[in-house]
Amino acid sequence: MAGQDWLLSEDGQCEISPSIGRYQLPAKYYRLYHFLNDLEGILDTEKDDRRRLQLICPLVRQLLMSSSWLQSAVRKPDPNTGWSVFKLYDEPFFPWTVQTAAWLPGKTSEIHNHATWGVVAVIYGQEKNIFWKRSLNSDVENAVERVGDRILSPGDIITFVPNAIHCIETVGNEPTITFNLYRETSHQVIYFNAIDSSNNRE
Ligand SMILES: [Fe+2]
């Protein structure tokens, strides 16, 4: 499962995020419960959040390669909304939620943050991620300016800091399927309003 790891910062910069550790085909299965156990261990032993994400990415690759059933553990997208989520693991007081998401072709999400740390691995299809940063030059509530974009393909993983802002757009004629991991949050997700930053400078 070749691909690139990315990290989106709160100012909309999407940087290559070098993995710490190496994924390797395990001699035995690397099951979901192994992965969940390793996640808890990383939280206990690594205090730097960016390093945690760099440690988690190779584990996500290992999990998706070893536990291939996860790639078809997907709920069919709702024809009305164009998307669906299938929760793989969500336990009270366990600090992570694991799920797959499916999007129909031609769909675009609202501009949002996740209010928590997140990891999204593309399993199938292509997903254009559009990156935003908060605008300081607007009276519009929760105004954001576009910073850039990147098309992610199967094998690519993007990680988010809690205040990173993005939206996604499916690319091509096939649905897009992703494996998503979010840390628990006590904060609310915010939806943002795009403004044209070039107008503000006039
Ligand atoms: Fe998102």
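We number each residue from 1, following the sequence as shown. Remember, it's 1-based here, ligands and their atoms both numbered in the order they're listed. The figures that follow rest on heavy atoms only: side chains count, while hydrogens, waters and symmetry mates do not. Bear in mind that the values here come from a model prediction, so they are computed numbers and not experimental data.
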By side-chain hydrogen bond (donor to acceptor under 3.5 Å, both in side chains) - contacts of Asn193 (at least two apart): none
For Gln13, all residues meeting side-chain hydrogen bond (donor to acceptor under 3.5 Å, both in side chains), sequence neighbours excluded: none
The Fe ion (ligand 1): protein N, O or S atoms that are less than 2.8 Å away, sorted by chain: His112 NE2, His114 NE2, His166 NE2
Check: Trp69 main-chain N/O paired with Ser72 side-chain donor or acceptor under 3.5 Å: yes
Side chain Thr170, main chain Thr176, donor-acceptor under 3.5 Å: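 It does not hold such a pair.
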More than 12 heavy atoms from other groups under 6.0 Å of CZ on Phe94: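 Yes, because the 6.0 Å sphere around CZ of Phe94 holds more than 12 heavy atoms from other groups.
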Sequence neighbours excluded - side-chain hydrogen bond (donor to acceptor under 3.5 Å, both in side chains) pairs with any residue from residues 85-98: Lys87-Asp90, Tyr89-Glu91, Asp90-Thr97
